[in-house]
Structures are given as structure tokens and as C-alpha cells.
Amino acid sequence: QLQASGGGLVQAGGSLRLSCVVPGNIFGFKTMAWYRQAPGKQREWVASITAGGITDYMDSVKGRFTISREIARNTLYLRMNNLKPEDTADYYCKATRGASQYWGQGTLVTVSS
């Protein structure tokens, strides 16, 4: 299972880095992504990275969030800068291998105004 961590309480304008450790070789996953779910809202896609390193972001986080991976540690990251109260949510990592999807447990990010 994926293990996500790094959430916490931060003031608006602050930064956090989320981590997600994946089992096995990270190149075995076609796509890896971060999602988030705010209270009372549906889970939404935030950012993704392909096995080839191509990244994509939802519009509201472009320029503020960076998705990356560390091959040697089999770890996916989400660096979040200039956080806003509307970024408050449980953040989840997801890895896709073939037709299978693997989710990590959520890590809570709370941004105070």
C-alpha cells in the first residue's frame, strides 16, 4: 500500500511537502498522482506525473504546487507553496499500474487565514 505523509497546519502563504512511498519500483507505475478532498466536497485531481516524467496540474495550483519523484526512494512528492485556505483538504496519492489503481491513506492539510 502507498504511505502518504507530510500534512499539517500552516498559515496562508506557507509551504508544505507531501510524500508518498510506493511499494516496489516507481517506474512500474504508468502514472502517479495527487488528489484532494475538502470537507463536504468530492475528491478532485490535483497533479500527476507519468512514468516518462510528464507533469500536469489543475489550474488553481499551477505555479504553486510541484509534483516530483525520487526514484531511489520510490517516493512521490507534492511541494506546495503559497498555500491558501481553499487548499485545505485531505490529500491522497494514487498510482496506476495497468488496469489497477492503488491509493494511499489521506494526509490532512489545513491552511489558516
Asker: To the nearest 0.5 Å, what is the distance between CD1 on Ile67 and CG on Leu78?
Answerer: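 Answer for the CD1-CG pair, Ile67 versus Leu78, is 6.5 Å.
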Asker: Output every pair passing disulfide (SG to SG under 2.5 Å) with a member in residues 43-87, not counting sequence neighbours, ordered by first then second residue.
Answerer: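 Found none.
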Asker: Looking at Phe29 and Ala95, what are the two nearest heavy atoms and their distance?
Answerer: CD2-CB, 3.4 Å
Asker: Under the side-chain contact (heavy atoms from CB on, under 4.5 Å) test, which residues partner Thr88, sequence neighbours left out?
Answerer: Thr110, Val111
Asker: Arg64: which residues meet the salt bridge (charged side-chain N to carboxylate O under 4.0 Å, His left out) condition with it, sequence neighbours left out?
Answerer: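 Once residues adjacent in sequence are excluded, the partners of Arg64 under the salt bridge (charged side-chain N to carboxylate O under 4.0 Å, His left out) criterion are Asp87.
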Asker: Could you tabulate the donor-acceptor pairs under 3.5 Å formed by side-chain atoms of residues 45-54, not counting sequence neighbours?
Answerer:
unit_1: Trp45; atom_1: NE1; unit_2: Ala47; atom_2: O; d: 3.4
unit_1: Thr50; atom_1: OG1; unit_2: Gly52; atom_2: N; d: 3.3
unit_1: Thr50; atom_1: OG1; unit_2: Gly53; atom_2: N; d: 3.3
unit_1: Thr50; atom_1: OG1; unit_2: Ile54; atom_2: N; d: 3.1

Asker: Excluding sequence neighbours, so at least two apart, what forms side chain to side chain donor-acceptor pair (under 3.5 Å) with Glu44?
Answerer: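 If we apply the side chain to side chain donor-acceptor pair (under 3.5 Å) test to Glu44, skipping adjacent residues, the hits are Arg36.
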Asker: Among residues two or more places apart or on two chains, list those pairs meeting disulfide (SG to SG under 2.5 Å) that have a residue in residues 14-113.
Answerer: Cys20-Cys93
Asker: Which atom names give the shortest non-hydrogen contact between Ser113 and Ala12, and what distance separates them?
Answerer: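 The pair with the smallest heavy-atom distance is CA-CB, 4.3 Å.
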Asker: Can you tell if the side chain of Thr107 reaches within under 4.5 Å of the side chain of Asp90, non-hydrogen atoms only?
Answerer: no
Asker: Using 0.5 Å steps for rounding, measure from the OG1 atom of Thr55 to the CZ atom of Phe65.
Answerer: 14.0 Å
Asker: Would you say that Trp103 contacts Arg43 through its side chain, given a criterion of any heavy-atom pair below 4.5 Å between the two side chains?
Answerer: yes
Asker: Mind listing the closest non-hydrogen atom pair of Ala89 and Leu108 along with its distance?
Answerer: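 Nearest heavy atoms, Ala89 then Leu108: O-CD1, 3.6 Å.
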Asker: What residues, two or more places apart in sequence or in another chain, satisfy side chain to side chain donor-acceptor pair (under 3.5 Å) together with Tyr35?
Answerer: Lys94
Asker: Does the ring of Tyr77 carry Arg69 above it, NZ/CZ under 6.0 angstrom from centre and within 45° of its axis?
Answerer: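 Verdict for Tyr77: no cation-pi partner in Arg69.
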Asker: Restricting to salt bridge (charged side-chain N to carboxylate O under 4.0 Å, His left out), what partner residues turn up for Lys62, sequence neighbours left out?
Answerer: Asp59
Asker: Applying disulfide (SG to SG under 2.5 Å) as the test, list every pair that has at least one member in residues 32-73; sequence neighbours left out.
Answerer: none
Asker: Going by side chain to side chain donor-acceptor pair (under 3.5 Å), name the residues that satisfy it together with Asn81, two or more places apart in sequence or in a different chain.
Answerer: Ser15, Arg79
Asker: Any link between Met32 and Tyr102 through a network of hydrophobic side chains (Ile, Leu, Val, Met, Phe, Trp, Tyr) touching at under 4.5 Å?
Answerer: yes
Asker: Taking all non-hydrogen atoms of both residues, which atom of Tyr57 and which atom of Thr66 are closest, and how far apart?
Answerer: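 For Tyr57 versus Thr66, the nearest heavy atoms are OH-CA, 3.4 Å.
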Asker: Output, in order, the C-alpha distance, side-chain angles, deciding distance and verdict of side chain to side chain contact (heavy atoms under 4.5 Å, CB included) for Gln105 and Tyr92.
Answerer: CA-CA 6 Å; Gln105 85 286 2; Tyr92 300 84; 5.8 Å; no
Asker: Over all heavy atoms of both residues, which pair between Leu83 and Leu16 is shortest? Give the atoms and the distance, please.
Answerer: CD1-N, 3.9 Å
Asker: Please confirm whether the backbone N or O of Gly24 pairs with a side-chain atom of Asn74, one donor and one acceptor, at under 3.5 Å?
Answerer: yes
Asker: What residues form a salt bridge (charged side-chain N to carboxylate O under 4.0 Å, His left out) with Arg73, not counting sequence neighbours?
Answerer: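 Counting only residues at least two positions away or on another chain, Arg73 forms a salt bridge (charged side-chain N to carboxylate O under 4.0 Å, His left out) with Glu70.
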Asker: What's the separation between atom CG in Leu76 and atom CG in Leu18, rounded to the nearest 0.5 Å?
Answerer: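 Atom-to-atom, Leu76:CG and Leu18:CG are 9.0 Å apart.
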Asker: Of all heavy-atom pairs between Val22 and Leu2, which one has the smallest distance, and what is that distance?
Answerer: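 Here Val22 and Leu2 meet closest at CG1-CG, 4.0 Å.
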Asker: Do any pairs count as a disulfide (SG to SG under 2.5 Å) and have a residue in residues 34-73, sequence neighbours left out, and if so which ones?
Answerer: none
Asker: How long is the straight-line distance from CD of Gln3 back to OG of Ser19, given to the nearest 0.5 Å?
Answerer: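 That separation rounds to 12.0 Å.
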